Amino acid sequence: MEKTFSADIIVVGGGTAGSFFAWRMAQRGYQVLVFEKQKLSDLGKGIEIFHMEKIRFEEFDLPYPEPPELIHTETINYTYSPDLKVKIPIKGTFFVMNMPLFIQRLQNYARQSGAVYHENTIIDEPVIEDNALVGVRGKQNGETFEAQAKLIVDASGLASAVRTQLPGSLYAENQPVPAEKCLYVCLELRSEIPEGYPTGSNGYMYHKAFWNKSYGTDVILGIGQPISFEHAWQKHKEWRETYFGDPGVVVGTRQGAIPFTRPPFSLIGNRFMVIGDAANQNKPFSGEGVTSGFTAASIAVDVADAALKRGDLSLKGLWPYNMRYQTGQGAKFAASLAQLPATVELSQKDVNYLFHKGIIFTSEDFERLNQNYEIVFSPPKLIKIALTLIWGVITMRFSLRSLITFMKASSLAGKIKAHYLDYPKDPADFQPWADRAKRLWNETGTN
Ligand SMILES: Cc1cc2nc3c(=O)[nH]c(=O)nc-3n(C[C@H](O)[C@H](O)[C@H](O)COP(=O)(O)OP(=O)(O)OC[C@H]3O[C@@H](n4cnc5c(N)ncnc54)[C@H](O)[C@@H]3O)c2cc1C
């Protein structure tokens, strides 16, 4: 007979989002099963080094990291104009950390609270009954099994292993993220860097690249680019050779893809929730997804707990997750994502002009973006920005085309944010909302 499991909640994927969710639900007394296709100790090895702001540990009530999980602490990150003539300090303490050890810490918290992990266990398909998701089927050590639960949570990252297998009648946006809507992140680890090169954390916004400190005196040269890994490595090489040549020795490379597109309009189905990279909840201005996944998971925990207590895991019972996510972080990220095409079109000359004139790109703006995920300009500042851009066009230091694209994108971003803030309170009103949202995204050219 086929092996079977049952629990209150099944989480597919034991990465940062899945483990955080499993931990919090187990703390609330639910039986939680986590199915992870990889060996648990291998998770995060493909990225190895990542960073997280100190304030997020406080926000999510997480103990601070300690060595060896904590590699070092930074209090400032510099960002540069493409001509390197302007260097802007962005204040804010963040931890540079070892990803596998951080994930293992989350898994330990979840296990200590009662969650049960199954590693090397792949989920292949959903089990549907009466148009509700009642379980999943998968393989463990080559053996097939079926697991049933009151609620199934897809936290399987870019694979979106459950979301993409659901029938359209249960979950409309079941398409995988296409390759062209991913961001390819490539990291080069270098050692023995001679004197005279950057120290600390440094961002090169125009190139979507960074030079950061890693272990000891070693550094990471990283880039995030669309299209493909080949394209991203090529851009990495061009950027590195233009600015730094070939310093020190390469001691390793890491790479990974993250979704870089809007989240589905609905994050739930009948007895189903999706969180983290599986729901494209990454920060649009950096691609980072650990803490934005925690924001979504925290809402999902509250909503799932209330729904389980009421015994209503239907679309209506889980709807508050949609409402709270889409009108909060979702609305801010949507506005920011809608602005991206205009930002991408800016030339080096345009970006230099913005840095030199100290508009949009200032320490305060970057700090606000990191903390609140949006920059809200006061009317006088907006007038100053508009006048400075127009002056840039007149003096031929900022292109007219960029100005027009920028203004159009800002207006559309404002409309999209307002639409998300008006997310329907009742699932019955969802379809007209989704239709208009689709039209607005089509206008941005990024849907
Ligand atoms: C190179 C790189 C650097 C990054 N740096 C940062 C950073 O500094 N800060 C930051 O916040 N973010 C960073 N990110 C993004 C961040 O890593 C992700 O946003 C985050 O890890 C997403 O977490 P998740 O739990 O949603 O998905 P994942 O971490 O992808 O976890 C999903 C898990 O599901 C498992 N899974 C998949 N399919 C199945 C299946 N069928 N059955 C069972 N299990 C399955 C996978 O094995 C995986 O372990 C970086 C990403 C990359 C690629």
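For reference, positions follow the sequence shown, starting with 1. Bear in mind that the values here come from a model prediction, so they are computed numbers and not experimental data. All ligand and atom numbering here is 1-based and tracks the order in the structure.
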- Message: If only side-chain N and O atoms count, and only distance matters, is there a donor-acceptor pair under 3.5 Å linking Q165 with Y171?
- Response: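 There is no such pair (donor and acceptor under 3.5 Å, judged by atom type) between the side chains of Y171 and Q165.
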Answer whether the closest heavy-atom distance between the side chains of [X] and [Y] falls below 4.5 Å.
X    : Y    : answer
K283 : F333 : yes
M97  : I71  : no
C182 : I258 : no

Checking the side chain of [X] only, and the main-chain atoms of [Y] only, is there a donor and an acceptor separated by less than 3.5 Å?
X    : Y    : answer
Q329 : S292 : yes
T121 : E119 : yes
T144 : G138 : no
D312 : A307 : no

Residue selection (non-hydrogen contact nearest [atom]) among [options]:
atom                    : options                : result
atom 42 (N) of ligand 1 : V136, I123, N280, T164 : I123
atom 24 (P) of ligand 1 : T291, L43, I49, T16    : T16
atom 36 (N) of ligand 1 : G222, S156, S19        : S156
atom 18 (C) of ligand 1 : I103, D277, I122       : D277

Quick one: does [X] get within less than 4.0 Å of ligand 1, heavy atoms only?
X    : answer
Q38  : yes
A155 : yes
L158 : no

Report the nearest protein non-hydrogen atom to [atom]: residue, atom name, distance rounded to 0.1 Å.
atom                    : answer
atom 8 (O) of ligand 1  : H51 N, 3.0 Å
atom 6 (C) of ligand 1  : F50 CB, 4.0 Å
atom 51 (C) of ligand 1 : I47 CD1, 3.6 Å
atom 33 (C) of ligand 1 : E36 OE1, 3.5 Å

List every atom of ligand 1 that sits less than 4.0 Å from any heavy atom of [X], numbering the atoms from 1 in the order shown and giving each element.
X    : result
F35  : 43 (C), 44 (N)
G157 : 27 (O), 30 (O), 32 (C)
N282 : 19 (O)
M99  : 17 (O)
A161 : 40 (C), 41 (N)
G276 : 26 (O)

Counting both backbone and side chain atoms, is some N or O of [X] under 3.5 Å from an N or O of ligand 1?
X    : result
A17  : yes
E288 : no
G289 : yes
Q255 : no

Could you tell me whether [X] and [Y] have a side-chain N and a carboxylate O separated by less than 4.0 Å?
X    : Y    : result
R163 : D154 : no
K237 : E241 : yes
K213 : D218 : no
R28  : D302 : yes

- Taking the six-membered ring for Trp, are W211 and Y197 parallel (under 30°), tilted (30 to 60°) or perpendicular (over 60°)?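 Plane angle under 30°, so parallel.
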